[in-house]
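The structure appears right after this line, and notes come after that.
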Amino acid sequence: MEQLLQYTVTGVTVGMVYALIGLSFALIWKSSGVANLALGGMVLIFSWFTYSMTVQLGLPYWLALPLVIVFALAVGWLIERFALRPLIAQPILSLITVTLGVFYFLEGLCVFIWPWMVDALPRIFPPEPFHIGTAVVAQAYVWAAVVSLVLFGILTLYFRYHKMGIAMRATADDQFAVQACGIPVTRIFSTSWMFACVVAAIAGVLISWIGGLHMGLVETGLKSFSVVILGGLDSFIGCIVAGPIIGLAENVGGGYLTPMTWAGLKGVIPYIIIIIVLFIKPYGLFGEVRIERI
Amino acid sequence: MGLPCGTHNYTYDQDMAIMRTKTHWALLVALLVLLFTFPLYSGGYLLSVANLIGITVIAAIGLNILLGYCGQLSIGHAGFIAVGAFTSAVLTNVLGLPFLVGLIAAGFMAGFIGLLFGIPSLKVKGFYLAIATIAAQFIIIWVINHLKITGGFVGIAVPYASIGGLVFDSEASMFYLIMVIAVICTFFAKNLARTRVGRAFVAIRDNDLAAEVMGINLFYYKLLAFFIGCFFAGIAGSLMAHWIGFMNAEQFSLMESILYIGMIIIGGLGTALGPILGVIFIRLMQQGMMFVAPTIEAAFPALPAGFATGLAPMLFGLIIILFLILEPRGIAHRWMLFKSAYRLWPFSY
């Protein structure tokens, strides 16, 4: 029972970070209809950039974190401007594969600059953990969960009430109609990529506070695809609901089923969930079911 | 279209011929002779590169049928190759069955696993399918890493391929085995595209709803595409296992899967020539990087330490992006343009 509580607490909090990465994905999907498979690479490179700022340059966090955000904005702009924009109105297959190319490039870049590949960010939260009943949870986890909830709130409000957010939703719906209304579609795309990169950067920093810096961050990014698949691609609320579900399944399932099956089950559970969801409810819990016409 | 000046088709047979003129036949024979005498005038290293290219071509042809013709994105191709490799390894090493049984069984095993992960393609497409195949990649590698029979993380030794009394224990003999199978596969893929099945694939790629309305059974043809694509992957995997002699699931990473997609994009999606050109391009470039990167690193000590390992993936990512933007139809399309240009030379049209 104590174990269960511990698994649950860890699962929910880690799930919130997955949800945050999922938000980054949904942001781009909602505004431009592009599936960003480079998410793993993005999380990786922003975490390592934070490492460079804080450890290698020795900057304090209050200076380093804004720099990371600026860097994320720049990367988002660059990716959109030079990889995605030339492919506007190309088949969906090209758009997916170009993000794979970006993924490959970013991972190579990380190996290029930080070849030792395992390290840790300096501690920002005090080491003593929170106690919830008998469960122990590090402060980093709790803060990660709080930050994702706050970002979720901001993004939801932004997309519902802000002019730019509404324009983004409209763009995803019909690019031609939006252009006819005088909304600059290209600026919408680059804004959404820049925002998504910032969200990915925040998620990357949070997750490397929790688990350290390593190539496994790529897998964390990939695992978050299970969040968007389960929650529905175009739904923020889906992300924030599905994230903890995935985290729970991973931790509780991994905790109890690993003795019965094989080690490493924890890492595979999100992928198994993806397959199950695609079989049963392919558009996820909150996703919009697409009806196609010829 | 694409015929030499003054050549016209008067019969159906002429229209359908792959090799239309005597020059075509002569060039084909010359190419095959050149290919099969390659071991006579090349050393061990070149041969091993050629073998790697041959195996990769077989797998890439499979992916081309799946992605290029049928339009079903699979980012788990390395996983399916792994299925083939380990099936063959287990059958020949643990159970002691002959190589041919292992080869065929590897194809069928990979094909059936591919069918399983291809089932979501009936309901979803595009990104959803991409994610399903990424999941397939991770699940397959996890299972292989933990099965007792596949040797787990340690890996498994694989005996030499042998047919009857013939043992393929050298690079040169392996070269003949691989190339014969690669040529057969290329021939099969070229012809598949011209049959009812191939045309159905293309129809599904271009618009699957319209294809269904025209009476194409989506369920059957999509799964068939997955089966054929993964069957080729299994055959390639089996050959790779017997060629290397030792299999470990680490060789089949997600990055490798992405590289396969990159290869057929660079070569040209949905053409018979594309996978071959793309594979040669990427594999030769990989080999080139192995020479060039350390040399550059030695010449400029100021470069970061990850230069040699990080440069290759960076370049590949860049090349994939550049090809998608600048030449989405790949090298094969450039080659066609070049052919029509030299046929008309010195006139412009």
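Since we're looking at a predicted model, the values are computed, not measured. Chain naming here is simple, since letters A, B, ... match the order of the sequence lines and numbering starts at 1 in each.
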Handout entry: Portion of A:Ile274 that has a non-hydrogen atom of chain B nearer than 4.5 angstrom
Key = side chain
Practice task
With a 4.5 angstrom heavy-atom cut-off, could you sort out which part of A:Trp114 is near chain B: side chain, backbone, both or neither?
Solution key: neither
Practice task
Look up atom CD1 in B:Ile319 and atom OH in A:Tyr104, then write down how far apart they are to the nearest 0.5 Å.
Solution key: 11.0 Å
Problem - Straight-line distance of A:Ile272 CD1 to B:Trp142 CH2, nearest 0.5 Å - result: 5.5 Å
Handout entry: Proximity of A:Phe25 and B:Phe127 rings by center, below 6.0 Å
Key = yes
Completion exercise
Comparing B:Ile141, B:Ile131, B:Leu67, B:Asn145 against chain A, the one with the most heavy-atom pairs below 4.5 Å turns out to be B:Ile131
Completion exercise
Bottom line for A:Leu84: the part with an atom under 4.5 Å from chain B's heavy atoms is neither
Problem - Residue pair B:Leu254 / A:Leu222, side-chain heavy-atom distance below 4.5 Å - result: yes
Exercise for the section: Between chain A and each of B:Ala130, B:Gly71, B:Pro120, count heavy-atom pairs under 4.5 Å; write down the option with the most. Expected result: B:Pro120
Problem - Region of A:Leu37 that comes under 4.5 Å of a non-hydrogen atom in chain B - result: side chain
Exercise for the section: Enter the distance from B:Leu73:CG to A:Ile96:CD1 here, rounded to the nearest 0.5 Å. Expected result: 5.5 Å
Handout entry: Largest heavy-atom contact set with chain A, pairs under 4.5 Å, which of B:Ile75, B:Leu326, B:Ile261
Key = B:Ile75
Exercise for the section: Report the distance from atom OG1 of A:Thr97 to atom CG of B:Leu269, rounding to the nearest 0.5 Å. Expected result: 7.5 Å
Handout entry: Gap separating the CD1 atom of B:Ile325 from the CZ atom of A:Phe82, nearest 0.5 angstrom
Key = 10.0 Å
Fill in the blank from the handout: Rounded to the nearest 0.5 angstrom, the CG-CD1 distance for A:Leu100 and B:Ile134 is 6.5 Å
Exercise for the section: Answer yes if the ring centres of A:Phe105 and B:Phe316 are under 6.0 angstrom apart, and no otherwise. Expected result: no
Exercise for the section: Please look at A:Leu87 and chain B and tell me whether the side chain, the backbone, both or neither of the residue comes under 4.5 angstrom of a heavy atom of that chain. Expected result: side chain
